[in-house]
Amino acid sequence: MPLNKLRNIGIAAHIDAGKTTVSERILFYTGINRKIGEVHDGQATMDFMKQEQERGITIASAAISAVWKGYQINLIDTPGHVDFTVEVERSLRVIDGMIAVFCAVGGVEPQSETVWNQADRYKVPRIGFINKMDRTGADFSEVVAQMNTNLDANAIPFHIPIGVEESFEGIIDIIERKAYAFSDHDRIEIAIPDDYLERCDEARAFLVEKLADYNDEIMNLFLEDQDISTELLKQAARDATIKLLITPVFCGAAYKNKGVQLLLDAVVDYLPSPIDKGAVVGTDINDIEKAHTRCPSVKEPFAALAFKLITDPFVGQQTFIRIYSGRLTTGMAILNSTKGKAERIGRVMRIHAKDREEIHEAGPGEIVALIGMKITKTGDTLCDPLHPICLENITIPPAVIELKVTPPSQKEQQKMGEALKKMANEDPSFNVRVDEETNETIIAGMGELHLEIIVDRVKHEFGVEIEIGEPAVAFRETIHDEVESNYKHSKQTGGKGQFAHVVMRIEPNPGKGFEFIDKIKGGAIPTEYIPSVRKGIEKTLEKGIIAGFPVVDVKVVLLDGGFHPVDSSDMAFQTCASIGFKNGFMKASPVLLEPVMNIEVNTPDDYIGEIVGNLNRRRGKIESMRRHRKGSQKVNGHVPLQEMFGYATALRNLSSGRASYSMEFFQYMPVPPSMQTEQLEKIRKNKEKQQ
């Protein structure tokens, strides 16, 4: 397949906007499926995980290949629920274009904005599809207006719906000046209804005027009042879309099979091929300041990014990669430049959701799954060993919620550990640790639903009936003040003793993580023991000091020290650094940090007072309130996560079930001093109870 005939696209939107239904129709019309799968009866091809079918939502991005009018479309369906935001993030990292699906009734909803901002970050060209035009309350123009107001999308209608709500029966293509009606699974060209002719001319004039801003030829023809060809308009619209200047907007009702073929035409016409996206930029593996580029060509050295891992019960671990340049063949030796280790390509698969086809080679722009990769994880770069390159990694937000999990019996402990390890391999936003004091397993993730799904998968895929504790907030620890710590570690135990002396300055390092600076002069501490000092401090950071939570945002400057030619050792310096750091940390006004969430509530006007009052009582800080749709408002603000447990039920009660909300991680912020003592006491009592 020539590169210009390839489209790597994602479908993303708010939960329940109909993304998976749109995907199913695309698969049907491109001939991948003979029968249309439905989300509501658990038969959707893309939602092939049991947990997705039970809840009617998409959890894992599924990659699938299809063909339309001689073009290969690699489609990645992404989740709409904010707890799976990392799935959207890694899909956006590797796709070239995106279909943003909006509900004609709901319009621009909280998660639509999150996904839109993620797409902005990765500079992904996109087209809009306003779905559910047949629903009561559907309003095409209002959703386009919201896209412009809330997303700054420069959205331009390329369609006019014929009829609305239950009388929605067709679509006018403004550029082609053609109208279509839909019967069963076919589209039928019809004459543009008389009462729509004027609207069509006005909409086309508006579209031409907009495109004239980005194309001189159209501008000249427009000023001379000459007719502009369909081909020229399409080319100008394609260029403007790829440059992120406009967002073409289409409409339909996917569930009723209306408008999906026109959407597929739009994917081919307006979304970029790998050639349009151009070269990918990476860095030198030895010098991050030095940039390298890879063009989408088989003549360039091989470069690819691993963006997803799935454990398949039949073939084991599948590593999904996007190839940016060069050719990949089975048996080929490659370099994982992120880890600095060699890998060998085993089997290469092209995926059709849960079905797979084995292929022997793949080229630029393709998305394939590799079987048998040993060390490659999400975000790793794979490349030609003779031409190493490091591609930009994937942004993984920190886990903010924790659960204690226990196996039903001691016998199942190992089985549970292996299952959770596989889950953590697949999902970088999920992690597992063992509390050394209580010997309990703690899992951490993006939200309650995220962890609920993980536990469910462990039960069904690995057969371990794990029991879960109460969800708890994942705190962090840091300091307010700068202190100097001077500690001498000296131990005599009959034989060889232990001796180390470390002087360090510990200072706050807001938002920059942990930094270690070595300022030792004149060999006060021998060079070989400097890494031991760092290691001792890093181990202490992981375990925490005041409450057992990881320490973040501190800078340690190693100033001075001393050693003994016989009694000094790696272990002695690790122990000395650890105790010295703890002592200094406790004198530097230690503080507990809590995860604070961005919250967005959509509510009818009637309940705005109660909802704002309730958020204030939860220590919330309201940032803005704006009109969302007629009679409803959008409230944005920041609220500490620990105040938000049970909020879904509270919001339902406050608004008679009419308000909805969305939450995502914002940043870690200090717990108010008045609450810190109380919080530390609560944590201490919980630990005592468990022991």
Side-chain angles (χ1 to χ4, degrees), residues 288 396 398-399 402 431-438 442 444 474-491 497-565 567-595 667-671 676 680 683 687:
I288 56 167
I396 309 294
E402 293 185 338
N431 50 60
V432 190
R433 65 184 173 87
V434 175
D435 187 320
E436 287 182 8
E437 286 176 36
T438 60
I442 293 162
F475 289 99
R476 296 284 181 269
E477 300 176 13
T478 193
I479 51 171
H480 260 331
D481 299 340
E482 184 180 306
V483 295
E484 197 169 294
S485 171
N486 184 338
Y487 181 69
K488 197 176 279 183
H489 176 67
S490 180
K491 229 177 181 181
Q498 279 189 25
F499 180 87
H501 178 202
V502 172
V503 181
M504 64 178 95
R505 187 170 69 242
I506 304 167
E507 45 190 90
N509 199 23
K512 292 181 185 161
F514 169 62
E515 269 184 79
F516 180 80
I517 297 167
D518 168 21
K519 287 204 172 167
I520 290 291
K521 288 190 176 75
I525 296 176
T527 320
E528 69 264 28
Y529 293 135
I530 305 289
S532 311
V533 173
R534 181 176 185 140
K535 202 169 169 190
I537 295 168
E538 283 176 342
K539 278 186 181 170
T540 314
L541 295 177
E542 282 168 30
K543 291 178 186 168
I545 295 164
I546 52 172
F549 294 104
V551 174
V552 294
D553 296 347
V554 289
K555 184 194 279 185
V556 175
V557 183
L558 186 57
L559 302 170
D560 199 1
F563 72 104
H564 186 279
D567 291 349
S568 285
S569 64
D570 166 53
M571 207 58 233
F573 271 100
Q574 276 195 48
T575 309
C576 178
S578 174
I579 298 169
F581 179 76
K582 277 182 193 168
N583 294 348
F585 188 89
M586 291 309 286
K587 291 177 194 155
S589 306
V591 286
L592 209 53
L593 299 174
E594 61 181 345
Q667 67 182 62
Y668 271 95
M669 293 173 90
V671 171
Q676 179 159 317
L680 290 171
I683 293 162
K687 287 207 165 168

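This is a predicted model, so every value here is computed, not measured.
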Flag, side chain of Y529 to backbone of S568, donor-acceptor distance under 3.5 Å
yes
Short question: side chain of T527, backbone of G523 - any donor-acceptor pair under 3.5 Å?
no
Return the NE2 to CG distance between H501 and N486, rounded to the nearest 0.5 Å.
3.5 Å
Working to the nearest 0.5 Å, report the span between CG of D560 and CZ of R505.
12.5 Å
Picking from L558, L559, V533, what satisfies side chain to side chain contact (heavy atoms under 4.5 Å, CB included) with I520?
L558
Show your reasoning for whether side chain to side chain contact (heavy atoms under 4.5 Å, CB included) applies to F549 and L593.
CA-CA 9 Å; F549 294 104; L593 299 174; over 6 Å; no
Is a side-chain donor or acceptor of E402 paired with a backbone partner of I442 at a separation under 3.5 angstrom?
no
Under a plain distance cut-off of 3.5 Å, with no hydrogens placed, do N583 and S485 share a side-chain donor-acceptor pair?
no
Search all heavy atoms of F563 against all heavy atoms of A524 and return the closest pair with its distance.
CD2-O, 3.4 Å
Where the side chain of E482 meets the backbone of P508, is there a donor-acceptor pair that is under 3.5 Å apart?
no
Check each of H489, K491, H564 against Q498 using the side-chain hydrogen bond (donor to acceptor under 3.5 Å, both in side chains) test, and report the only one that passes.
H489
Of the options I479, T478, V483, D481, which is the one that meets S589 in a side chain to side chain contact (heavy atoms under 4.5 Å, CB included)?
D481
